[in-house]
Amino acid sequence: MAADKTILRALRGEAQPVPPVWLMRQAGRYLPEYRATRAKAGDFLSLCYNPDLAAEVTLQPIRRYRFDAAILFADILLLPQALGADLWFVTGEGPRLSTITDAAGLAKLKGRDDIHEVLAPVYETVRILAHELPPETTLIGFAGAPWTVATYMIAGRGTPDQGPAHLLKYTDRATFAALIDLLTEATVEYLSRQVEAGAEVVKLFDSWAGSLKGRDFDDFCLTPAKRIIAALKARHPGLPVIAFPREAGERYVGFARATGADCVALDNSVSAEWAAQNVQTGGCVQGNLDPRLMVTGGARLVDETRRIRDAFAGGAHIFNLGHGITPDADPENVHLMLEALRG
Ligand SMILES: Cc1c2[nH]c(c1CCC(=O)O)Cc1[nH]c(c(CCC(=O)O)c1C)Cc1[nH]c(c(CCC(=O)O)c1C)Cc1[nH]c(c(C)c1CCC(=O)O)C2
């Protein structure tokens with residue numbers, strides 16, 4: 001029965017007349033019911049660590065839109081916190097972390113097996129969801145990819161060009177590489193526990209992959225993803241994995257084969273027509289509608305939705321945005337997109 005879920009069929013490589021659909025950040029500030037639950041929790045991190053409320057916000061977009069997948073409500077920065085970094089969110093600005101700038105800072109972090117006490121509420125959220133989701137809905141667990149998580153740990157915040165992480169990569173390569181290794185190993189443990197708790201698919205978010213070029217892309221995006229996917233599949237045979245090397249451009253070509261991912265998620269900087277010819281030939285793809293269309297709506301949203309659906313109709317495809325839906329999106333536009341996709 002489970003194998004008949006639309007998302008799992010796509011991940012096995014099946015083309016479907018209407019592609020399954022979910023949205024990155026589908027539980028988020030554009031929904032009034034999310035804002036109400038976050039207010040009840042107090043703040044974003046309290047919401048992440050409250051299993052009942054985190055499960056509630058995960059379910060909200062499923063009730064409203066009947067998406068084919070639910071993504072666990074958590075954040076990629078919970079793992080650095082579990083490794084011992086300080087983490088807080090500044091309203092209207094984003095995340096802040098204590099910084100890792102040298103070997104001494106790295107040495108203070110915990111080991112890959114010492115993360116589970118902090119992350120236990122996340123596993124509990126997964127268990128609740130595995131129980132509460134409609135039987136046709138696939139539950140996706142996730143983690144940040146090592147490079148993207150490292151960029152936040154090194155800079156202590158989001159950065160436009162990931163400058164501090166690139167500098168550490170050149171000035172103290174041993175520390176930088178050791179941080180990537182620790183994150184690679186800890187991510188395997190973290191995702192493994194999510195799968196044991198009931199996640200059916202896992203997704204690796206490498207939001208800043210596009211700033212790695214040449215050999216750096218191989219060493220710090222591709223190779224860690226390959227190691228994580230191989231270790232997870234050894235422990236959980238048949239586990240489908242979605243990889244999102246955002247803004248990888250030409251490097252999307254062959255990424256699934258090189259890493260062992262079952263699906264590559266595309267941002268909206270590549271055209272669906274190009275990706276159908278150059279990426280989808282290697283297996284399932286996910287994406288790639290511009291999230292701005294969820295703000296502007298109208299005929300353009302309808303046309304672009306159908307264009308992307310039709311471009312990928314020859315192979316396996318999971319419909320999604322090219323990046324997360326934004327707080328200024330109109331919830332009605334999600335209905336408009338779903339009607340265009342299914343009609
Ligand atoms: C880089 C990154 C982060 N977190 C994540 C990424 C990778 C994907 C991407 O590139 O967007 C991933 C993430 N963050 C969140 C999820 C939950 C699942 C989902 O609905 O997609 C997922 C999968 C919730 C969240 N994570 C965050 C929110 C908004 C917080 C709030 O409610 O105030 C949500 C719903 C906060 C967050 N978390 C992060 C930042 C930079 C911010 C601040 C920016 C912002 O406010 O949008 C780190």
Side-chain angles (χ1 to χ4, degrees), residues 21-50 53-62 64-65 67 69-81 85 87-97 122 125-126 129 137 139-153 155-160 162 165 187 190-191 194 199 201-211 242-248 265-269 286-287 291 294 318 320-329 334:
V21 52
W22 66 280
L23 302 183
M24 284 188 266
R25 291 275 169 98
Q26 63 191 17
R29 288 162 291 183
Y30 74 110
L31 292 179
E33 60 267 37
Y34 169 85
R35 296 196 298 269
T37 309
R38 193 184 65 170
K40 202 161 128 190
D43 56 52
F44 172 66
L45 279 178
S46 307
L47 178 55
C48 290
Y49 287 117
N50 182 321
L53 296 183
E56 166 58 23
V57 294
T58 308
L59 290 165
Q60 286 167 350
I62 306 303
R64 210 188 241 260
Y65 302 116
F67 287 125
I71 183 159
L72 161 70
F73 189 84
D75 197 85
I76 65 164
L77 300 177
L78 304 187
L79 180 62
Q81 188 172 39
L87 172 68
W88 66 105
F89 279 78
V90 179
T91 312
E93 289 189 31
R96 296 288 183 275
L97 297 92
V122 176
T125 305
V126 176
L129 288 167
T137 313
L139 178 56
I140 303 177
F142 74 92
W147 159 249
T148 288
V149 174
T151 66
Y152 289 94
M153 294 179 82
R157 57 189 299 163
T159 45
Q162 298 72 60
T187 300
Y190 181 38
L191 289 175
Q194 292 183 28
V201 172
V202 296
K203 178 169 174 185
L204 210 48
F205 284 88
D206 213 346
S207 302
W208 299 118
S211 83
I242 303 171
F244 183 33
R246 192 170 73 90
E247 307 236 322
L266 304 162
D267 67 82
N268 49 282
S269 73
Q286 178 179 284
M294 291 300 178
I318 298 169
N320 205 313
L321 305 176
H323 201 192
I325 190 167
T326 51
D328 54 347
V334 179

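Each ligand, and each atom within it, is numbered from 1 in the order the structure gives.
Protein heavy atom in closest approach to atom 37 (C) of ligand 1: Phe89 CE2, 3.5 Å. Distance from atom 32 (O) of ligand 1 to its nearest protein heavy atom, with residue and atom name: Tyr34 OH, 2.4 Å. Distance from atom 33 (O) of ligand 1 to its nearest protein heavy atom, with residue and atom name: Arg38 NH1, 2.2 Å. Taking atom 8 (C) of ligand 1 as the reference point, the nearest protein heavy-atom neighbour is Ser207 OG, 3.3 Å. Protein heavy atom nearest atom 22 (C) of ligand 1, with residue, atom name and distance: Phe142 CZ, 3.6 Å. What sits closest to atom 13 (C) of ligand 1 on the protein, heavy atoms only, is Arg25 NE, 3.9 Å. Protein heavy atom nearest atom 28 (C) of ligand 1, with residue, atom name and distance: Phe44 CE1, 3.7 Å. Summary of contacts: the protein heavy atom closest to atom 2 (C) of ligand 1 is Ile76 CD1, 3.4 Å.
Side chain of Arg96 to main chain of Arg157: no donor-acceptor pair is present (N/O by atom type, distance under 3.5 Å, no hydrogens or angles). Counting only distance, with no hydrogens or angles, the side chain of Gln60 and the backbone of Ala27 share no donor-acceptor pair below 3.5 Å. Proximity of a side-chain donor or acceptor of Gln26 to a complementary backbone N or O of Ala69 within less than 3.5 Å is detected. Between the Asp267 side chain and the Gly322 main chain, no donor and acceptor come within less than 3.5 Å of each other. For the pair Thr148 (side chain) and Ser207 (backbone), a donor-acceptor distance under 3.5 Å is present.
At least one heavy atom of Tyr152 sits closer than 4.0 Å to an atom of ligand 1. Proximity of Ala74 to ligand 1 is established by a heavy-atom distance of less than 4.0 Å. Heavy-atom distances between Ala27 and ligand 1 reach below 4.0 Å in at least one pair. Residue contacts with ligand 1 leave out Thr58, since none of its heavy atoms falls under 4.0 Å from the ligand. Using a non-hydrogen distance threshold of 4.0 Å, Trp208 does not register as a contact of ligand 1. At least one heavy atom of Pro95 sits less than 4.0 Å from an atom of ligand 1.
Considering backbone and side-chain atoms together, His323 places an N or O closer than 3.5 Å to an N or O of ligand 1. Polar contact check, Arg246 against ligand 1: no nitrogen or oxygen pair lies under 3.5 Å apart. For Trp22, no nitrogen or oxygen atom sits less than 3.5 Å from a nitrogen or oxygen atom of ligand 1, counting backbone and side chain alike.
Relative ring orientation between Tyr34 and Phe73 is described as tilted, the plane-to-plane angle lying within the 30° to 60° band. Relative ring orientation between Tyr152 and Trp208 is described as tilted, the plane-to-plane angle lying within the 30° to 60° band.
Minimum interatomic distance between Leu53 and Lys40 (heavy atoms only, all atoms of both residues): CD2-CE, 4.1 Å. In this structure, Val126 and Ala199 approach most closely via the heavy-atom pair CG1-N, 3.5 Å.
Closest heavy-atom approach to atom 26 (N) of ligand 1 among the candidates Leu204, Asp75, Asp43, Thr326: Asp75. Nearest to atom 19 (C) of ligand 1 by heavy atom, out of Ile71, Leu78, Leu77, Thr148, is Ile71.
If you check the side chains of Gln162 and Ser211, you find a donor sitting under 3.5 Å from an acceptor.
The CD atom of Gln286 sits 5.0 Å away from atom CH2 of Trp22, with the distance rounded to the nearest 0.5 Å. Note that the CD atom of Glu56 and the CZ atom of Arg38 stand 15.0 Å from one another [nearest 0.5 Å].
Within the listing of ligand 1, atoms 20 (O) sit less than 4.0 angstrom from a heavy atom of Gln26.
For the side-chain contact (heavy atoms from CB on, under 4.5 Å) criterion with Leu321, the lone passing option out of Thr326, Leu23, Asn268 is Leu23.
The part of Leu72 lying near ligand 1 is the backbone, judged by heavy-atom distances below 4.0 Å. At a heavy-atom distance under 4.0 Å, only side-chain atoms of Arg29, from C-beta outward, approach ligand 1.
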